[in-house]
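Counting from 1, the numbers follow the sequence of the chain as shown. Heavy atoms only: backbone and side chains are in, while hydrogens, waters and symmetry mates are out.
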Amino acid sequence: MKKLGQAALSAALITGLVACAPTEKKESSLNIQRSEQTTTVATVDAVDLKNRMVRLHSLNGHPFVVRVGEEAINLPQVKAGDQVEV
């Protein structure tokens with residue numbers, strides 16, 4: 001059951017990270033495309049169910065916050081101390 005929750009959270013976190021990516025309004029004549037996919041394991045510090053925000057810290061100790069999308073139906077099962085793949 002814990003793995004199912006972690007898998008759902010992982011998918012939602014990736015979606016949240018993509019959704020939180022900054023967008024530039026400035027137009028440029030350059031056609032620059034970036035494509036990068038990175039995964040890491042992070043430990044859950046806190047879960048805000050009301051706002052669907054999860055505070056995590058990576059293996060090297062850097063804290064970050066992600067907004068979890070509605071598609072993560074198992075978010076209430078995620079608790080502080082759980083390790084998730086992001």
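Heavy-atom minimum distance, Val86 versus Leu56: CG2-CD1, 4.1 Å. For the pair Phe64 and Ser58, the tightest heavy-atom approach, listed with the atom from each and the gap, is CE2-N, 3.9 Å. Heavy atoms only, all atoms of each residue included: Thr38 and Glu36 are closest at OG1-OE2, 3.3 Å.
Considering only heavy atoms from C-beta on, Leu75 comes within 4.5 Å of Leu49 through its side chain. Two residues are said to be in side-chain contact when any heavy atoms from C-beta on lie closer than 4.5 Å; Asp82 and Thr43 fail this criterion.
No option in Asp45, Val47, Val66 other than Asp45 meets the side-chain contact (heavy atoms from CB on, under 4.5 Å) test with Arg55.
Arg52 contributes a side-chain N or O that, together with a main-chain N or O of Val68, makes up a donor-acceptor pair within less than 3.5 Å. Checked by atom type and distance alone, the side chain of Asn51 never pairs as donor or acceptor with a backbone atom of Met53 at under 3.5 Å.
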